[in-house]
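The block underneath contains the structure these notes are about, expressed in structure tokens.
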Amino acid sequence: MSGMVGMYERAGAPLDRALLRALTDSLAYCGPDARETWSNGSVGFGHTLLKTSRESRNETQPASLDGRLWITADARIDCRDELLAEMNAGNFVRSATSSDAELILHSYSAWGEDCVQHLRGDFAFAIWDAREKKLFCARDHFGLRPFYYAEPGDLFLFSNVLECIRRHPEVSADLNDAAIGDFLLFGLNCDEATTTFRDIRRLPAAHTLTVSAEGLRLRRYWSAPTEGRIRYESSADYVEHFQILLQAAVTDRLGADRTGILLSGGMDSGTLATTARDLSQVADGAKDLRAYTVVYKSLKEDDEGNYARQVAEFLKIPLRLIPMDDIQPFDRWDDPEIRWPEPVDDPYFAGLFQQFGTVAQDCRVVFSGEGSDNLMHFQMWPYMKDMARRREWLELAQNVPWYMAVRPSPLPGIRRRVNNFFRSDAATRAFPKWFNPDFARRLNLEERAREWRALPDVRQHPLLPKGHASLSLPHWGNLFEKQHAGLTRCPVEVSHPFLDLRVVNFLLALPPFPYFFEKSLLREATVGRLPESVRTRRKTPFTGQPLTKFIERTGGKSLNEVNWIADMDSYIDRESMQMFQSDTDAEQLDADVRPLCLNFWLQSARKVRYNFRAEVRNA
């Protein structure tokens, strides 16, 4: 999670080097281990380094190849041996000890802009090609590393930290009304190419951006596959293959000295924990593992701490429980040390800083189990249709009775579908009354709400339509950016082994039944490696909502007596806001709290007035 920034004067004007250095200095909290800048004429890079791997111990950035190519990167490259083998086969010989940035540079030297077809891992980078006089930028397949940019005049400015872009004196603080509308409707900006600020854009996941004097060219280079098909004779082969791939994914992500695990007490993080523990026993494995679990002790529904403790004790991993009960809604919203760059729809967002602050005391790398739920989203009907279409009558005859025998009673499912139908219909009709009518009309927000209520096209994948479609949701980038050091201000790199492309490609090619039914694949892969109480535990969604409990205890007085900033009148009609009460429906509560979230964020954001040129002059 290193910090990076770059500037390119496309008209050839000389670069403001003092400003580049100042912007680089502002990223010190992202990379406390080293800080460097490079510039040449109209282009310059800055980088602050966070060392998390063995290869990064001697890393220097910005880095160069023969003085012709220069790079600044926030990157961690997977499948290093395979990439090196491809390079060596093409006579582009590199050492196994090359840093990730050097591997990216040599990939570009070998394959040009098609280098992204050969790269695996988490990355955001920019390469200056002096011969071609162009800047080549890329963001990884799922957008695990952020990339923001702005174009004030002829300047192209980029960084992996939004606040860094905002510090440039020529980037305005004007807001993007479309992003504000999306936030009030959905809790996030659904346009992955824009931000809350009019002048600042983001490079979407799986895209490249080429910048030259002629202009900008955006290109998508990857989409989650739909055609993969893996079939084995034995179920044990599926389990073994999965274990091999997950071990490779975890190995590539282990920290140089110590690795943390965000342990929830469920199957996903438990599987990562036991895999990491197994690997720690080998010669080159991480010898020190730590686990961290967020708990709400005052919520009876929250049993995660208990299950996480069982996993940690079984695996002999030290566990730290991080209680969140003392955090109040909108705690520390005006604290400049934890200021968030864009509005967030969670009144308890300050807890994120407490969580990462705790992790940062011990680790620089921490694992998250995100991704497994989406990749293993079980649907039987598409699988049955596919078997019939392929005339796989024997498999159909075997699997359908088996599924009918092991699935839960259909009655709760029927009841749930009926309830969801009416709830969805009500939600479609219940457009928030508190919108400013002119604002809603100008941005056509009612149509926007209908457009985004459903998943993207769910017909692309023949067996896993909903799971596959969910991988394209804008929620992913939103989640990853909240975990980045540029926001948390903690030098911690969050890794997601389930989103390793080897694992993703494998899971999207499997038969859903029985392997995704109640996550059978994970349960089989962890026999004897996790406590049976956890391994056989049914998935239990978190049912308690801290904000509901807060309103029950306090009557919601502090929420109903908010000091509103005048800017909010452009977006909502305050007279139409309902009182927060203990009997408010949870879904309605989620929607009604968003104006408050935006109000507190605006108050915080309006306090920030960057005058970076003056700061540079004074320095």
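The basis for the numbers below is simple: all heavy atoms, side chains too, and nothing from hydrogens, waters or symmetry mates. Only a predicted model underlies this, so the values are computations on that prediction, with no experimental measurement involved.
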**Asked** Is E342 salt-bridged to R202, cutoff N-O under 4.0 Å?
**Response** yes
Applying ring pair (Phe, Tyr, Trp, His ring centres under 6.0 Å) to F513 and not counting sequence neighbours gives W402, Y403, F517
(request) Identify whether the distance between the nearest side-chain nitrogen and carboxylate oxygen of R537 and D303 falls below 4.0 Å. (result) no
Between D500 and R120, is there a salt bridge with N-O shorter than 4.0 Å? no
The side-chain hydrogen bond (donor to acceptor under 3.5 Å, both in side chains) partners of N478 (sequence neighbours excluded) come to K482
Sequence neighbours excluded, the answer for side-chain contact (heavy atoms from CB on, under 4.5 Å) partners of A525 is V239, F242, Q243
In terms of heavy-atom contacts, A312 and L319 come closest through CB-CB, 3.7 Å
Sorted by chain and residue number, the side-chain hydrogen bond (donor to acceptor under 3.5 Å, both in side chains) partners of D592 (sequence neighbours excluded) come out as W434, Q588
Across all chains, not counting sequence neighbours, the side-chain contact (heavy atoms from CB on, under 4.5 Å) partners of A224 are W222, H468, L471, L508
- prompt: So, S495 versus D122: side-chain donor-acceptor pair below 3.5 Å or not?
  reply: no
Answer yes or no: is there an ion pair linking D288 with R258, defined by an N-O contact shorter than 4.0 Å? yes
With sequence neighbours left out, the residues meeting side-chain contact (heavy atoms from CB on, under 4.5 Å) with R219 are E113, D114, V116, Q117, T208, Y221
Across all chains, not counting sequence neighbours, the ring pair (Phe, Tyr, Trp, His ring centres under 6.0 Å) partners of H496 are F480
Those residues at least two apart in sequence (or on a different chain) that pass side-chain hydrogen bond (donor to acceptor under 3.5 Å, both in side chains) with R391 are none
Across all chains, not counting sequence neighbours, the side-chain contact (heavy atoms from CB on, under 4.5 Å) partners of E82 are C79
So the salt bridge (Lys or Arg N to Asp or Glu O under 4.0 Å) pairs with at least one residue in residues 259-268 (sequence neighbours excluded) are D268-K519
Hits for ring pair (Phe, Tyr, Trp, His ring centres under 6.0 Å) against Y238, two or more places apart or cross-chain, chain-then-number order -> Y232, Y515
Any side-chain donor-acceptor pair under 3.5 Å between S280 and R277? yes
Between T293 and A308, is there a donor-acceptor pair closer than 3.5 Å when you use the side chain of the first and the backbone of the second?
no
Note to self: Quick one: does any side-chain atom of R290 pair with a main-chain N or O of G260 as donor and acceptor, under 3.5 Å?
What the structure shows: no
Across all chains, not counting sequence neighbours, the ring pair (Phe, Tyr, Trp, His ring centres under 6.0 Å) partners of F136 are Y108
